[in-house]
Amino acid sequence: MVIEMKVTIADVAKRAGVSKTTVSRILNGNYRHNTPETIENVLQAVKELEYRPNALAKGLKSMKTNVIGIVLSNFKNEFWFHVLEGVEDTCNAEGYNLMICNSDGDPTLEEQYIREFQMRQVDGIVINPTVQNQTLYQELVENKFPMVVINRKVPDLHANNVVVDNVKGGYLAVNHLIETGRSKIMALTYKNENISTWQERVQGYKEALKANGYNKESFCVLEIEHLKKAFKTIEQALDKDPQIDGIFSTNNMLTLELVDVLKKLNLHVPEDIGIVGYDDTIWAKHIHPPLTTIKQPAYDLGKESAKLLIEQIKSKDTNSVKNIIFQPELVIRESSSNTD
């Protein structure tokens with residue numbers, strides 16, 4: 001007979017090379033007097049040993065903390081400010097506090113934040129995932145940890161999901177450019193095989209072209225690997241193909257880079273090139289010319305995500321999940337005007 005030994009806090013301390021007191025403090029969220037390296041060593045030891053600090057109290061814990069955690073992927077994008085507003089307003093109305101973390105698209109950082117949320121015993125989490133921690137997401141589901149995945153889809157994950165119909169958004173954008181007389185349309189997007197949003201917007205781009213009689217040879221998709229490379233990559237693409245007279249940008253950060261490139265190349269909007277961007281940001285109507293965009297209901301996305309999570313926490317029902325899809329809206333301004 002094999003006896004499985006229970007991992008203790010002493011085992012974690014030994015693995016990390018610190019005292020039990022230090023481990024205890026870090027697990028309780030007290031990071032004072034500890035270096036980032038020490039914190040990382042302890043959290044790594046916890047992961048490697050699969051230590052569960054609340055294992056003994058698991059059956060005894062019935063008290064809620066009334067705290068929700070949210071892990072977002074990019075604070076630089078204005079879209080997330082409005083999402084957060086919706087989440088916060090809902091939490092305040094329901095008597096919950098909110099802890100906010102930014103993974104910045106880093107799966108290691110994302111996992112660290114989720115583990116810390118668990119250690120702090122938050123009641124549930126909203127996550128805009130990097131989609132690179134499949135085992136961790138599945139673990140949360142199997143442990144019946146309340147969770148809502150927002151804005152992106154994680155393949156084969158049985159969890160609540162709140163998204164926008166990105167395929168429709170891409171279709172609306174490109175169909176509009178075709179209706180305004182554009183014949184060679186380029187889609188501008190990030191290159192990231194893990195992220196469903198940009199893939200779906202490009203899918204909508206392709207569907208709109210095909211619906212208007214174009215074939216696969218007409219597809220022109222420019223994938224940007226990193227924002228720092230965006231300006232040069234866009235400039236080279238437009239130099240190489242001067243027939244491009246319409247651009248669908250799937251991301252507002254890329255749209256800003258695009259605007260700068262067009263200025264440098266002395267290409268006029270909408271006379272030379274029509275543009276449709278994604279996300280109706282606060283600056284979209286103030287740039288010259290005002291930008292046609294696909295508007296996402298960001299506030300409602302955040303509000304519904306928090307509402308869905310709180311319902312799950314209160315009902316303790318982690319078996320039935322919902323997939324909520326919001327609809328995008330085409331906001332027409334001068335950047336895509338018909339110049340005929």
Side-chain angles (χ1 to χ4, degrees), residues 9 23-32 34 36 39-40 42-43 46-47 51-75 80-104 106 108-130 133 136-137 139-152 154 157 159-162 298-318 321-322 324:
I9 197 168
V23 173
S24 179
R25 284 174 178 168
I26 291 174
L27 293 183
N28 285 303
N30 183 359
Y31 295 161
R32 289 180 298 173
N34 287 300
I39 296 169
E40 176 61 28
V42 169
L43 294 176
V46 168
K47 177 182 176 181
Y51 175 63
R52 296 292 178 264
N54 299 309
L56 294 176
K58 204 168 187 180
L60 300 175
K61 182 180 182 275
S62 59
M63 188 178 74
K64 294 196 304 174
T65 61
N66 277 61
V67 176
I68 286 173
I70 183 167
V71 184
L72 301 180
S73 64
N74 186 359
F75 274 178
W80 289 110
F81 298 154
H82 301 297
V83 171
L84 272 177
E85 188 179 7
V87 173
E88 286 184 307
D89 285 353
T90 305
C91 285
N92 289 336
E94 295 289 339
Y96 282 79
N97 293 310
L98 184 66
M99 294 178 65
I100 306 168
C101 290
N102 175 28
S103 73
D104 201 26
D106 183 344
T108 301
L109 199 55
E110 176 185 69
E111 180 174 3
Q112 178 181 324
Y113 287 141
I114 291 174
R115 296 295 187 195
E116 289 179 4
F117 279 151
Q118 288 181 292
M119 292 171 191
R120 290 171 180 260
Q121 299 182 359
V122 300
D123 293 338
I125 62 171
V126 174
I127 179 171
N128 174 232
T130 63
N133 280 312
L136 175 59
Y137 310 142
E139 177 189 315
L140 293 172
V141 170
E142 290 174 358
N143 289 337
K144 301 186 182 301
F145 189 83
M147 173 175 64
V148 173
V149 178
I150 185 173
N151 196 52
R152 294 174 179 173
V154 179
L157 188 71
N160 287 312
N161 195 209
V162 182
Y299 179 88
D300 291 336
L301 199 69
K303 179 180 178 180
E304 188 61 36
S305 297
K307 179 182 174 184
L308 192 57
L309 181 63
I310 293 170
E311 285 177 358
Q312 186 180 15
I313 292 168
K314 288 181 176 179
S315 68
K316 299 180 181 179
D317 180 12
T318 56
V321 300
K322 294 181 180 178
I324 298 174

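One is the number of the first residue; the rest follow in order along the sequence.
The side-chain heavy atoms of Leu84 and Leu72, taken from C-beta on, include a pair separated by under 4.5 Å. Side-chain contact check for Val122 versus Phe145: some heavy-atom pair is nearer than 4.5 Å. Counting heavy atoms from C-beta on, the side chains of Met99 and Val67 come closer than 4.5 Å. Under the 4.5 Å side-chain criterion, counting only non-hydrogen atoms from C-beta, Val149 is not in contact with Tyr137. Using a 4.5 Å cut-off on side-chain heavy atoms (C-beta onward), Leu43 and Glu116 make contact. Two residues are said to be in side-chain contact when any heavy atoms from C-beta on lie closer than 4.5 Å; Ile125 and Val71 fail this criterion. In this structure, Thr65 and Arg120 have side chains that are not in contact, with every pair of non-hydrogen atoms separated by 4.5 Å or more.
For the pair Leu309 and Met147, the tightest heavy-atom approach, listed with the atom from each and the gap, is CD1-N, 3.6 Å. Here the closest heavy-atom approach between residue Val87 and residue Gly302 is recorded as CG2-O, 3.3 Å. Closest non-hydrogen pair, Leu109 versus Asn102, comes out as CD2-O, 3.8 Å. In this structure, Phe117 and Cys101 approach most closely via the heavy-atom pair CZ-SG, 3.7 Å.
Separation of atoms SG (Cys91) and CG (Asn66) is listed at 10.0 Å; rounding is to 0.5 Å.
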Exercise for the section: Starting from the C-alpha separation in whole Å, work towards a yes-or-no answer on side chain to side chain contact (heavy atoms under 4.5 Å, CB included) for Val83 and Asn151. Expected result: CA-CA 10 Å; Val83 171; Asn151 196 52; over 6 Å; no

Practice task
Carefully, step by step, assess Ile68 and Ile313 under the rule side chain to side chain contact (heavy atoms under 4.5 Å, CB included).
Solution key: CA-CA 10 Å; Ile68 286 173; Ile313 292 168; 4.2 Å; yes

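Ionic pairing of Lys314 and Glu94 is present here: one or more N-O contacts between side-chain nitrogen and carboxylate oxygen are shorter than 4.0 angstrom.
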